[in-house]
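Inspection log for the structure reproduced underneath, given as structure tokens.
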Protein chains: 2
Amino acid sequence: MSKNTAGGTRSGIREVAELAGVGIASVSRVLSGQPGSSAQMTERVMEAARQLGYTPNLLAQSLRRRSSRSIGFVCSDITNPLLSSIVSGAESVLTKAGFSILLTNSGGVASVDAERIELLQQRQVDGLILLPALENDPATLALLQRSETPMVVIDRSLPDSIDAHYVLSDHYTGVSQAAHVLLSAGHRRLGLVVGRDVRPTRERIRAVEDSYRAMALEPELHIDSGTLCAEHGEQAMERLLDMTPAPTAVILGGNQLLEGALRVIRRRGIQLGRDLSLVCCDDVALSRLFEPPIATVMRDNVRLGQRAAQLLLDQLQTPHSSEAELLPTWFELRASCGPVPE
Amino acid sequence: MSKNTAGGTRSGIREVAELAGVGIASVSRVLSGQPGSSAQMTERVMEAARQLGYTPNLLAQSLRRRSSRSIGFVCSDITNPLLSSIVSGAESVLTKAGFSILLTNSGGVASVDAERIELLQQRQVDGLILLPALENDPATLALLQRSETPMVVIDRSLPDSIDAHYVLSDHYTGVSQAAHVLLSAGHRRLGLVVGRDVRPTRERIRAVEDSYRAMALEPELHIDSGTLCAEHGEQAMERLLDMTPAPTAVILGGNQLLEGALRVIRRRGIQLGRDLSLVCCDDVALSRLFEPPIATVMRDNVRLGQRAAQLLLDQLQTPHSSEAELLPTWFELRASCGPVPE
DNA sequence: TTGAAAGCGATACCAA
DNA sequence: TTGGTATCGCTTTCAA
């Protein structure tokens with residue numbers, strides 16, 4: 001309806017210059033806050049810009065400056081509260097620094113990761129924050145290798161040939177604490193449900209295995225790997241509980257597994273903390289209010305995103321060689337863990 | 001490390017033209033898939049582009065085409081699973097159509113909404129999907145009024161003077177169903193916890209009040225309004241339970257309230273479904289596995305985002321005047337609702 | 001201090 | 001069918 005009433009076509013820098021009766025370059029200088037303009041010039045330009053309701057075209061600005069002040073964020077599924085917290089942390093830091101976020105979901109499909117990264121690069125993002133589905137997808141690796149876009153990779157470890165910075169969670173410590181508590185309580189047969197072969201998965205497995213060794217015990221560990229969704233949690237839990245003898249304690253290596261696992265537990269009338277001990281990695285809403293509360297390997301997801309963003313900003317300002325930052329995880333013991341049954 | 005080894009500076013369309021020994025315009029034509037190029041020309045250009053590893057600069061393309069094929073998404077907090085589902089739904093539709101998403105969190109601060117919208121417009125987004133914190137923030141309304149960017153507003157209703165499309169949830173129906181169940185079970189004193197004065201809040205209040213009327217009952221409704229976070233849920237629940245007489249059933253008008261409300265319920269040793277009936281609007285992970293399961297007013301959040309994106313795409317293709325789409329909500333009765341105590 | 005002019009990397013008109 | 005050229009809106013020398 002109200003199409004071209006007031007300003008008509010969105011006014012550009014030329015109109016401002018004309019109205020102010022000055023050169024186009026001066027307008028640019030004043031409006032982008034560069035020094036070297038008389039007070040009078042500043043005044044005139046500001047006034048003209050205000051009158052016209054002028055706002056700069058950042059596309060043109062970016063093209064000319066060769067910097068878009070935007071960064072691309074590639075993750076598998078923003079619906080996962082873990083990821084949305086990370087995005088949120090990154091967004092706050094980046095926005096504060098004047099950057100915008102281009103968000104993309106890959107759906108956990110490695111080939112889509114590569115497509116999205118390429119698209120973002122075509123959009124000339126100044127940097128990338130990546131949480132790739134896999135660590136060894138050929139297409140993605142090839143792309144990243146010849147890429148010159150600064151990037152920070154979260155919770156993955158890519159080949160040295162790729163020039164990336166890393167923000168990693170110290171999954172090893174948190175899971176070690178959990179395993180130690182379980183083994184100390186007398187549990188010997190443990191179940192561990194994990195995702196694909198990426199760093200967190202490997203660290204969690206290593207943590208549990210080392211925990212057996214640290215107590216001079218022979219590992220009786222059953223690893224069930226899949227894709228870290230509720231369905232996998234459900235199926236894995238059924239497989240584990242159907243074993244004879246079945247594990248007396250299970251560690252879920254991912255928040256999304258919990259819902260599925262709890263469905264099985266509910267269905268079978270299992271009482272957590274008595275019939276079975278359960279630990280979940282990464283917090284889930286309400287898991288602390290559950291009866292019994294679910295013991296959890298915690299970490300600060302928002303911080304993870306903030307640090308990733310900050311590392312990227314640092315890298316943009318003063319490029320330096322690859323480095324990795326390790327962020328803590330810790331085990332919160334809750335009543336879903338108990339003694340060995342019988 | 002591996003800086004300018006292979007291609008050196010990212011090659012542009014000129015290099016491709018030169019290598020192929022053709023004009024720059026022809027390259028553009030071939031690469032953007034326009035008709036009117038001989039098979040031979042197509043061949044030569046494609047080959048040259050491949051050899052150089054050429055990828056187009058979408059910034060330049062957007063500037064010239066006056067269309068960035070990107071859309072801005074403004075919401076309060078991506079950390080809220082409701083919002084992340086909406087974003088996810090929108091992202092999938094938009095990505096499929098070749099659009100990118102610029103995501104921004106306003107933190108629920110109305111003045112920030114306006115700033116973010118302006119920034120996105122400067123970035124020349126082709127459209128906006130908005131979930132503003134308030135419906136009457138002067139700065140935001142003024143901005144939207146003079147804006148010519150097509151937009152879809154989710155779950156808010158803005159003044160007619162603003163040319164927007166809407167995707168709305170039919171909160172009225174779901175909450176009516178819930179209220180009807182509670183009143184039919186004999187509950188008379190109801191508590192309703194709501195957020196700020198926006199459409200969903202008004203619809204929920206109206207639904208409960210109408211439900212009393214429909215059964216020819218005198219409303220004994222206690223409304224506690226705040227900001228839809230866990231803390232508000234906690235405080236509101238304490239206020240409601242401290243009343244004499246206290247409500248025998250409470251409806252929480254937002255998912256984030258549940259955690260806080262449950263903390264109070266746990267702390268006071270209240271047994272849901274027996275001492276108190278509880279309904280939550282919008283699903284929360286695990287709430288169905290809770291003991292007792294939490295009765296919930298459901299809706300399809302992903303669909304909400306998908307429809308918003310689709311409406312925006314429709315509008316971009318063939319502009320038409322403001323319209324609104326209403327998406328269903330429905331009540332799922334679960335054991336957190338029971339008879340009136342005593 | 002100011003402004004004219006040359007790009008940034010693409011598209012699109014128009015003449016050949 | 002092809003290619004030269006003006007242009008998108010801005011930044012940035014460079015000379016005045």
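Letters A, B, ... are given to chains in the order of the sequence lines, protein chains preceding strands, and every chain is numbered from 1.
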(message) Between the opening five pairs and the closing five pairs of the helix from dT1(C)-dA16(D) to dA16(C)-dT1(D), how far apart are the helix axes, to 10°?
(response)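 End axes: 40° apart.
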(message) Applying salt bridge (charged side-chain N to carboxylate O under 4.0 Å, His left out) to E135(A) and R156(A), what does each step give before you reach the verdict?
(response) CA-CA 7 Å; E135(A) 292 179 340; R156(A) 297 287 181 270; 5.1 Å; no
How many Å lie between [atom1] on [X] and [atom2] on [N], as a whole number?
X       : N       : atom1 : atom2 : answer
R123(A) : dA10(C) : CZ    : P     : 14 Å
R66(B)  : dC13(C) : CZ    : P     : 13 Å
L59(B)  : dG9(D)  : CG    : P     : 14 Å
E18(B)  : dG9(C)  : CD    : C1'   : 15 Å

(request) Starting at the 5' end of nucleotides 10-16 of chain D, put B wherever the base has a protein heavy atom under 4.0 Å, S where only the sugar-phosphate does, and a dash everywhere else. (result) BBB----
(message) Test of understanding: with side-chain hydrogen bond (donor to acceptor under 3.5 Å, both in side chains), list the residues that count as partners of N136(A), not counting sequence neighbours.
(response)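 By the side-chain hydrogen bond (donor to acceptor under 3.5 Å, both in side chains) rule, N136(A) matches no residue at all.
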(request) Quick one: list whatever passes side-chain hydrogen bond (donor to acceptor under 3.5 Å, both in side chains) with Q34(B), sequence neighbours left out. (result)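 S32(B).
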Mind listing the side-chain donor-acceptor pairs of residues 69-79 of chain B below 3.5 Å, one per line with the distance, residues two or more places apart or on another chain?
unit_1	atom_1	unit_2	atom_2	d
R69(B)	NH2	A97(B)	O	2.9
S70(B)	OG	S68(B)	OG	2.8
D77(B)	OD1	T79(B)	N	3.0

(message) Can you list everything that forms a salt bridge (Lys or Arg N to Asp or Glu O under 4.0 Å) with E323(B)? Sequence neighbours excluded, please.
(response)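 With sequence neighbours excluded, E323(B) shows a salt bridge (Lys or Arg N to Asp or Glu O under 4.0 Å) to no residue whatsoever.
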(request) Under the side-chain contact (heavy atoms from CB on, under 4.5 Å) rule, collect the residues that match up with P138(B), sequence neighbours excluded. (result)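 side-chain contact (heavy atoms from CB on, under 4.5 Å) check on P138(B) returns nothing, list empty.
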Side chains of residues 107-116 of chain B: which donor-acceptor partners sit under 3.5 Å, not counting sequence neighbours?
unit_1	atom_1	unit_2	atom_2	d
D113(B)	OD1	S106(B)	OG	3.0
D113(B)	OD2	A133(B)	N	2.8

Sequence neighbours excluded and cut-off under 3.5 Å, please list the side-chain donor-acceptor pairs for residues 49-58 of chain A, or say none.
unit_1	atom_1	unit_2	atom_2	d
R50(A)	NE	E47(A)	OE1	3.4
R50(A)	NH2	E47(A)	OE2	3.1
Q51(A)	NE2	E47(A)	OE2	3.1
N57(A)	OD1	L59(A)	N	2.8
N57(A)	OD1	A60(A)	N	3.1

(request) Could you pick out which residue, S37(B) or L63(B), lies toward the 5' side of DNA chain D when each is mapped onto its nearest nucleotide? (result)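 That would be S37(B).
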